[in-house]
Amino acid sequence: MDKAEKTGLTLALIMLLTFFSLIVYAAKGLKIDVPTCVTDVEPFQEGKLIKHGDKRYELHILARMWFFDFNKGATEIKIPAGSTVDIFVTSKDVVHGVHINNTNFNVMAIPGTVGYMRVKFEKPGEYHVVCHEFCGVGHHAMQGKIIVE
Ligand code: CUA
């Protein structure tokens with residue numbers, strides 16, 4: 001093996017190790033979660049905000065033409081800052097998309113399936129929720145709000 005080959009292989013090995021270390025750091029250190037559509041929650045027909053404890057919530061978002069039902073028809077909810085929320089998403093009619101501004105929550109709402117991701121709302125403020133999948137004539141107006149106080 002000549003010198004250039006050795007250098008190339010060493011650099012490739014360093015890059016691979018860096019890459020895998022960053023994946024482990026993102027998952028464990030930054031606690032970045034990956035959305036999943038394999039949950040034990042059955043598809044639901046109503047939005048629901050369930051309090052499990054101090055700053056622990058479970059939110060069932062029902063996307064439908066053309067609004068988000070966060071809690072028994074409400075398009076706005078309030079939670080305290082520092083809350084950890086397990087968010088489940090499904091759709092009542094067509095395919096929608098759910099993006100929560102200023103978070104990395106970006107999950108498709110597909111009829112018959114439930115998407116899931118956990119979000120920790122550290123900073124107080126208004127988190128706008130928008131639909132990012134064209135779903136019909138009311139798509140542009142499909143939005144909601146999570147108020148963190
Ligand atoms: Cu719902 Cu676009």
Side-chain angles (χ1 to χ4, degrees), residues 1-44 47-70 77-136 138-149:
M1 195 186 299
D2 73 12
K3 205 178 169 201
E5 225 175 344
K6 236 180 197 170
T7 311
L9 278 175
T10 309
L11 282 175
L13 201 65
I14 290 170
M15 280 194 283
L16 269 176
L17 287 174
T18 308
F19 178 70
F20 284 114
S21 310
L22 286 174
I23 290 179
V24 171
Y25 173 66
K28 302 291 172 194
L30 301 177
K31 300 215 182 305
I32 290 174
D33 213 353
V34 178
T36 176
C37 57
V38 184
T39 71
D40 51 10
V41 171
E42 293 289 317
F44 39 88
K48 213 183 329 177
L49 179 66
I50 306 158
K51 187 170 183 175
H52 282 303
D54 186 36
K55 297 189 177 180
R56 286 291 284 112
Y57 292 89
E58 185 177 325
L59 176 62
H60 293 189
I61 299 178
L62 180 70
R64 52 186 300 185
M65 292 171 174
W66 281 280
F67 65 97
F68 295 109
D69 174 359
F70 290 137
I77 50 161
K78 284 181 187 170
I79 51 168
S83 293
T84 301
V85 189
D86 286 317
I87 305 175
F88 297 89
V89 171
T90 193
S91 167
K92 195 185 173 87
D93 34 53
V94 298
V95 174
H96 300 273
V98 186
H99 177 245
I100 305 175
N101 218 5
N102 294 325
T103 70
N104 56 1
F105 188 95
N106 186 339
V107 176
M108 300 295 293
I110 302 164
T113 72
V114 177
Y116 164 79
M117 203 176 150
R118 175 175 288 175
V119 178
K120 188 164 187 194
F121 293 91
E122 302 274 14
K123 286 189 202 143
E126 293 187 349
Y127 291 75
H128 290 274
V129 183
V130 292
C131 178
H132 61 67
E133 187 68 29
F134 184 72
C135 54
H139 164 70
H140 66 286
M142 187 166 168
Q143 55 178 306
K145 208 186 277 177
I146 296 173
I147 300 165
V148 178
E149 43 186 24

Any non-hydrogen side-chain atom of [X] less than 4.5 Å from a side-chain atom of [Y]?
X	Y	result
L49	F70	no
H139	C131	yes
I146	F105	no
I50	H60	yes
I61	V107	no
T90	L62	yes

Looking at [X] and [Y], what are the two nearest heavy atoms and their distance?
X	Y	value
S83	Y57	OG-CE1, 3.5 Å
K145	V129	N-CG2, 4.4 Å
F67	M142	O-CE, 3.6 Å
A81	P124	CB-CG, 4.1 Å
V148	K123	CG1-O, 3.6 Å
A109	S91	O-CB, 3.5 Å

Rounded to the nearest 0.5 Å, what's the gap from [atom1] on [X] to [atom2] on [Y]? Could you check?
X	Y	atom1	atom2	value
I110	H96	CD1	NE2	11.5 Å
L59	I79	CG	CD1	8.0 Å
W66	Q143	CH2	CD	15.0 Å
I147	H128	CD1	NE2	9.0 Å
L9	I14	CG	CD1	11.0 Å
E149	K78	CD	NZ	5.0 Å

request  = Run the numbers on I87 and M117 for side chain to side chain contact (heavy atoms under 4.5 Å, CB included), then give the verdict.
outcome  = CA-CA 6 Å; I87 305 175; M117 203 176 150; 5.7 Å; no

Crowded around K48 NZ? As in, over 12 foreign heavy atoms under 6.0 Å? no

Could you tell me whether E5 atom CD has more than 12 heavy atoms of other residues or ligands within 6.0 Å of it?
yes

The side-chain hydrogen bond (donor to acceptor under 3.5 Å, both in side chains) partners of D86 (sequence neighbours excluded) come to R56, Y116, R118

* Asked: Between T103, T84, V85, which is the residue that forms a side chain to side chain contact (heavy atoms under 4.5 Å, CB included) with K120?
  ->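 Output: one option passes, namely T84.
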
TODO: Quickly, which of N101, N102, V119 forms a side chain to side chain contact (heavy atoms under 4.5 Å, CB included) with Y127? Name it, please.
DONE: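 Between Y127 and the candidates, side chain to side chain contact (heavy atoms under 4.5 Å, CB included) is satisfied uniquely by N102.
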
